[in-house]
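Notes for the one structure printed next.
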Amino acid sequence: MDQRVRWASILRGEVIPPGDKSISHRALILNSVAGGKARVDNFSPGADCLATVACLRQLGVEIVEESPGSLTVSGVGKEGLKEPKDVLNAGNSATTIRLLAGLLAAQPFLSIITGDESLRSRPMARLIHPLRLMGAEVWGRGGDSLAPLAIKGNQLRGIKYQLPVASAQLKSAVLIAALFAQGNTTVEEPAPSRDHTERMLRAMGAKLKSDGLRITLTPDPVPLVPLDLLIPGDISSAAFWLVAGAIHPNARIEVRNTGINPTRMGIIEVLLDMGAKLRIENERIEAGEPVADLIVESSDLVGRQIGGSLIPRLIDEIPLIAIAGCVARGTTVIRDAAELRVKETDRIRATMKELSRLGADIGELPDGLIIRGGKTLKGGECHSYHDHRLAMAWGIAGLVAQGETIIHDAEAVAFSYPGFWSDLERLSARTV
Ligand code: S3P
């Protein structure tokens, strides 16, 4: 599907971003092996999280949709999962395949899990390695580096493991496997990545200790305590409106009910540092996660240099930061972000190519991007590469680009934010 976005004379209104995708996956996976029933509200409507629902159902977990966004999960305890009768399909979702691989590595049966073309090209050796050290039998295509994965579960043993990259998916896979292992497991990250798994595990009674970048889990014969959750809005979805509001010359957008977990706050910190008029209001805690309303207005942005340990805290928002950089005064440099090359697509290459089509002065670095700002973008044709975050990012660029922007394969937004195009149309509806 092609989506046309026209320059908007004004951006006004309120948005409620969909439930957080990362928290939604974890809420289902962890409650599936808890010792009873839990209710999950504001569950992400994206196709990624629906893939997790489908896989868990194939593993014998009863998940009932009580109403849109409200699910009940009947946890089967530590030994209740069943061998799937068919291949599990994680679709486009790396969180699904990686977190479930951690779970499946500890089950006494065989599972095969695959995904779509994009997911089947993403690195899995980094996942297979620690699971094998724990005693799991895991194989993959391409010399054990790519999905589909075949996983023959075993009684696992605890390990001490230094993660080669700051990846919440890897950390979570190892911690989930560790719930079923004999002996403690310690994982150490090179930099902090999102900590939703750790927060949820603690809230469900798991024995978890953190010491700087090191996390130790002591397994318990008792299953996790079921956890009812109201999932906060996804800051990675909210981020589109934060950037839209900041770069547009006549904007005021209120983004309600957004998770502001410090391990996800990088985008807010960078926008503030670039000079964004962005306020955080009504801070509260929901389901063990900090939540707030965010108000953004037209701003005069200046370019910044970003890198180091900030990167994992805004990893999914980098294409948007590049768009902010195009409009900002001065130069924006993004480094230490080589992980972007192994996301749904190579987001460094794609951001450079597609924003160049819109008139950006942008160059590619091995691990990032360099953007010379102060440009007025002009409408053009952009490709999403079937990557949800890129489709949405080009939509935001289209709101400030002169004329019309056509985004090809725009339906990709449905992986995380099915209502994105209608929110965009509503906020820009006063275009004259
Ligand atoms: C996610 C972690 C991040 C992020 C992805 C969701 C998660 O990936 O890019 O969209 O839910 O754990 P990595 O942990 O591989 O960096």
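We count ligands from 1, going down the list as the structure has it; atoms in each ligand are counted the same way.
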Please write down residue, atom name and distance for the protein heavy atom closest to [atom].
atom	result
atom 4 (C) of ligand 1	D316 OD2, 3.3 Å
atom 16 (O) of ligand 1	K343 NZ, 3.0 Å
atom 14 (O) of ligand 1	A168 N, 2.8 Å
atom 1 (C) of ligand 1	Q169 NE2, 3.5 Å
atom 11 (O) of ligand 1	S22 OG, 2.7 Å

**Prompt:** Does the side chain of Q182 reach to within under 4.5 Å of the side chain of L156, using non-hydrogen atoms?
**Reply:**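 A side-chain contact is absent here, since even the closest heavy-atom pair is not under 4.5 Å.
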**Message:** Once you measure the plane-to-plane angle for H383 and H408, does it fall in the parallel (<30°), tilted (30-60°) or perpendicular (>60°) bin?
**Reply:**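 Tilted: the ring planes of H383 and H408 meet at 30° to 60°.
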**Prompt:** Parallel, tilted or perpendicular for H129 and Y161, by the 30°/60° rule?
**Reply:**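 H129 and Y161: tilted rings.
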**Message:** Whether K78 engages the ring of F180 as a cation-pi pair (distance to the six-membered ring centre under 6.0 angstrom, angle to the ring normal within 45°) should be assessed.
**Reply:**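 Because its charged atom sits under 6.0 Å from the ring centre and within 45° of the axis, K78 does stack over F180.
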**Prompt:** For ligand 1, which part of R26 has a heavy atom less than 4.0 Å away: the side chain, the backbone, both, or neither?
**Reply:**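 The part of R26 near ligand 1 is the side chain, not the backbone.
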**Prompt:** Any idea which atoms of ligand 1 are less than 4.0 Å away from a heavy-atom of I315?
**Reply:**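 Close to I315: 9 (O).
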**Request:** Would you check if the distance from the ring center of Y385 to the ring center of W394 is below 6.0 Å?
**Result:**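 Ring centroids of Y385 and W394 are no less than 6.0 Å from each other.
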**Asked** If you measure from each heavy atom of R194 to ligand 1, is any distance below 4.0 Å?
**Response**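 Right, R194 reaches ligand 1.
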**Prompt:** Cut-off 3.5 Å, side chains only: do Y417 and D234 have a donor facing an acceptor?
**Reply:**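 Looking only at side-chain atoms, D234 and Y417 do not form any donor-acceptor pair under 3.5 Å.
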